[in-house]
Amino acid sequence: MISRMSVDGGRQHCPRFENHRVVVTGGARGIGASIVRAFANEGANIAIVDLLIDEARPLATDVGGHAVECDLSDPADTVKGMNAAVSALGGIDVLVNNAGVFKITPLLDISAEEWDWVFSINTRAMLLTTQVSARAMIDQGTGGKIVNTASMGGKVGAANQAHYAASKAAVISLTQVSAAELGVYGINVNSICPGYVLTEMGAATRTPEMVAEWSAMSPLGRLADPADVASMALFLASDDADYCTGQAMNVTGGMISH
Ligand SMILES: NC(=O)c1ccc[n+]([C@@H]2O[C@H](COP(=O)([O-])OP(=O)(O)OC[C@H]3O[C@@H](n4cnc5c(N)ncnc54)[C@H](O)[C@@H]3O)[C@@H](O)[C@H]2O)c1
């Protein structure tokens, strides 16, 4: 068997997630795909749960993992898809709830259907995937780590994003409650609040002027790379974060500090 341990400058590096079973929702592209690759580089066995199965499959094959087709806006399909992912891995040690959708609509024009659609994927699906994975972790008796993707928008609401911002504020709250209830089982639950990341999300309405304006909001003078978010996901899923739970960690390049 090939050892994944590497030596760099005399220091030995052990992959942090060797034999860890990791489910990533929305792992087919964007931030999720970066999270999938980062876990795979550290030895994890991965299952991607995503609607975009044609993008999820080749990535899963590339990292020696599994791809499960699932529409997270549908509660029954969400539970079925999560159970299939946990079965494929033979259990679960880490859940990364990354899937999400974004809409720009003025407050006065948001329909009840559009509001429900955003919440169904960004928030309700997270409750259901958390229930499936936490039950499995409790049955295993192993504990585990759950990482939820919220957003800077969940802490600082921006115009024309009422449903998105509210759904992400709800993710921060769901994370706190999950941490309070699941800590007794050795399950840590934290969320990540990325700032602006240049992915497909929001690409249709993004202009070079907006990118320049947003970059200037960061003391670091740039927007986030998906890998910046992946690094935080790995930290929160690792043993290094064993005494960290219920937190909402900013990956905003210093744009906000609360
Ligand atoms: N891009 C940003 O600037 C930014 C900022 C803050 C937070 N986030 C959050 O990060 C996460 C990832 O965003 P991204 O930028 O990579 O976006 P993205 O659109 O590139 O990827 C989203 C992923 O979620 C999946 N998904 C969407 N709806 C689904 C459904 N109904 N069922 C199953 N899978 C579904 C998509 O297929 C895709 O793989 C999201 O939760 C998003 O809200 C993104």
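One-based numbering, in listed order, for ligands and for the atoms of each.
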Of Tyr164, Trp117, Tyr196, the one forming a ring pair (Phe, Tyr, Trp, His ring centres under 6.0 Å) with Phe102 is Tyr164

Look only at the side chain of Asn148 and the backbone of Met126, and say whether a donor-acceptor pair between them is shorter than 3.5 Å. no

Report yes or no: does Asn98 contribute a side-chain atom to a donor-acceptor pair with the main-chain N or O of Gly26 at less than 3.5 Å? yes

Report all protein residues having a heavy-atom distance below 4.0 Å to some atom of ligand 1; order the list by chain, then number. Gly26, Ala28, Arg29, Gly30, Ile31, Asp50, Leu51, Leu52, Cys70, Asp71, Leu72, Ser73, Asn98, Ala99, Gly100, Val101, Ile121, Thr149, Ala150, Ser151, Tyr164, Lys168, Pro194, Gly195, Tyr196, Val197, Thr199, Glu200, Met201

Please step through side chain to side chain contact (heavy atoms under 4.5 Å, CB included) for the pair Phe17 and Asp93, ending with a clear verdict. CA-CA 10 Å; Phe17 297 100; Asp93 302 296; over 6 Å; no

Please step through side chain to side chain contact (heavy atoms under 4.5 Å, CB included) for the pair Arg37 and Val63, ending with a clear verdict. CA-CA 7 Å; Arg37 290 201 179 281; Val63 300; 4.2 Å; yes

Are side-chain heavy atoms of Asn122 and Lys168 found at a separation under 4.5 Å? yes

